[in-house]
Amino acid sequence: MPSGEVILEARDLVKHYPIKTGVIRRTTGHVRAVDGVSFDLHRGETLGVVGESGCGKSTLGRMLMRLEEPTGGSLRFGDVDVYSQSGAAMRRLRRDIQIVFQDPYTSLDPRKTVGDIVVEPFQIHPDFLPRNKWRARVRELLDLVGLNPEHINRYPHQFSGGQRQRIGIARGIALNPKVLICDEPVSALDVSVQAQVVNLLESLQDELGLAYVFIAHDLSVVRHISDRVAVMYLGKIVEIGDDQQIYERPTHPYTQALQSAVPVPDPAVRGQREQIVLQGDVPSPANPPKGCRFHTRCWKAQAICATTEPPLAVASDGAGEHAVACHFPEVRAAIAP
Ligand code: SF4
């Protein structure tokens, strides 16, 4: 259970994108990418955010860095109301909340050397460090993320995928942020390399006291790094809880389905496990189902599910940090992997 002070407080975050059609580009609807998301992130904590593609998790990550302006809701970083800041105050705030992007193949400029890439944050925030110290700090950062500082003049194509993600992480931590948004940082990497990057993020967290929002599309990736996990479906959090609550006693049917798909290495255990295969596709976020958004795919749905949206409420296991959005929450003991 998180114990540190709340460093990031998101309340009812909403991001709707207008759908424009016709010659005069009339607004004919909205894509509800993020639709009322609230959570606290504590100092030094890792919050995993998991869901299928299109559930709004990456948009949420970008909203936390204000790379997307909100349609509604509020975000506080400590005492600061993030969305009311502008100009120099917002730039100052950006030092404290940084992001590592998903794809190390496209997020690094192929024409720039590693040194040029990692020095960029100092160029954007020139008052952070005297100019004559930039180069030495870049070498330190490369060393910190497990890269050879002697390779400072190499280009991204001269590195492997995992090494490129380390370059992105070096850039992300250059300004000593308090919060690092990790937007699917290992999805584009081989499984064997994923573990190395996750281990690196864990050791950096211990060393630097960072808080992470770690976005991923499946539960297995976030398990070892997350203190708590938020499961998203069609723009909303449907369940949030700690490791045991999400992995050992998943309560929302969608979490149960995701959990049942987590690979189990032991064939004997795998044989006992009931895999829940969801029927149908994720509905369009431009036209989400009424009532519970999951009801079109939920095997437990009843009449009320199609008409009344369930609130995200404290789960019946009595743990205040465990919340579930379901009219019929039912604890399902998972077979531990
Ligand atoms: Fe399924 Fe109904 Fe719960 Fe939604 S509210 S997850 S449809 S049982």
Side-chain angles (χ1 to χ4, degrees), residues 10-16 30-39 47-60 73 215-223 226 228-262 273-335:
R11 290 292 175 270
D12 215 11
L13 291 182
V14 174
K15 180 65 189 181
H16 292 175
H30 287 90
V31 173
R32 297 158 182 264
V34 174
D35 215 8
V37 166
S38 301
F39 63 85
L47 175 70
V49 178
V50 172
E52 290 163 287
S53 73
C55 72
K57 56 191 189 301
S58 286
T59 303
L60 174 65
I215 297 166
H217 59 259
D218 78 65
L219 279 170
S220 58
V221 171
V222 299
R223 173 152 206 181
S226 299
R228 289 183 303 145
V229 175
V231 178
M232 282 187 74
Y233 187 79
L234 273 181
K236 289 184 175 285
I237 291 177
V238 296
E239 183 162 4
I240 183 167
D242 67 19
D243 181 79
Q244 289 213 332
Q245 291 155 348
I246 297 296
Y247 292 92
E248 308 296 335
R249 304 190 298 277
T251 301
H252 192 284
Y254 182 58
T255 313
Q256 292 170 2
L258 291 183
Q259 213 281 344
S260 81
V262 171
R273 169 180 278 190
E274 172 208 357
Q275 172 134 22
I276 300 166
V277 180
L278 291 176
Q279 302 300 315
D281 296 325
V282 183
S284 165
N287 189 20
K290 287 200 170 50
C292 173
R293 292 184 179 190
F294 188 56
H295 85 261
T296 53
R297 303 170 82 197
C298 182
W299 66 99
K300 294 179 179 171
Q302 312 215 4
I304 188 178
C305 304
T307 57
T308 307
E309 187 174 341
L312 186 64
V314 173
S316 58
D317 59 11
E321 298 283 345
H322 186 198
V324 183
C326 177
H327 293 303
F328 307 101
E330 184 194 330
V331 175
R332 176 180 187 271
I335 296 171

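Every number for a ligand or one of its atoms is a count from 1 in the order of the listing. Just so you know, these numbers use all the heavy atoms, side chains as well, and skip hydrogens, waters and symmetry mates.
The proximity of His252 to ligand 1, defined as any non-hydrogen pair under 4.0 Å, is limited to the side chain.
Using a distance-only test at 3.5 Å, with no hydrogens or angles considered, a donor-acceptor pair links the side chain of Glu239 to the main chain of Thr251. Under the 3.5 Å distance criterion, the side-chain polar atoms of Thr307 are left unmatched by any main-chain donor or acceptor of Gly291. Of the possible donor and acceptor atoms, one in the side chain of His295 sits under 3.5 Å from a partner among the backbone N and O of Lys290. A donor-acceptor pair is defined here as one N or O able to donate and one able to accept, closer than 3.5 Å; such a pair exists between the side chain of Gln256 and the backbone of Glu330.
Note on His327: not counted as a metal contact of atom 1 (Fe) of ligand 1, no N/O/S atom lying under 2.8 Å. For atom 4 (Fe) of ligand 1, the N/O/S atoms of Cys292 include one lying under 2.8 Å. Residue Cys326: an N/O/S atom is found under 2.8 Å from atom 3 (Fe) of ligand 1.
Close approach of ligand 1 to Pro253 (heavy-atom distance below 4.0 Å) involves ligand atoms 6 (S). Every atom of ligand 1 is numbered from 1 in the order shown, and the set under 4.0 Å from a heavy atom of Cys298 is 1 (Fe), 6 (S), 7 (S), 8 (S).
Nearest protein neighbour of atom 2 (Fe) of ligand 1, counting heavy atoms only, is Cys305 SG, 2.3 Å.
Side-chain contact between Phe294 and Lys236: absent, with no pair of heavy atoms (C-beta onward) separated by less than 4.5 Å.
Remark: of the listed residues Ile215, Leu219, Thr255, Leu219 is the sole one forming a side chain to side chain contact (heavy atoms under 4.5 Å, CB included) with Val50.
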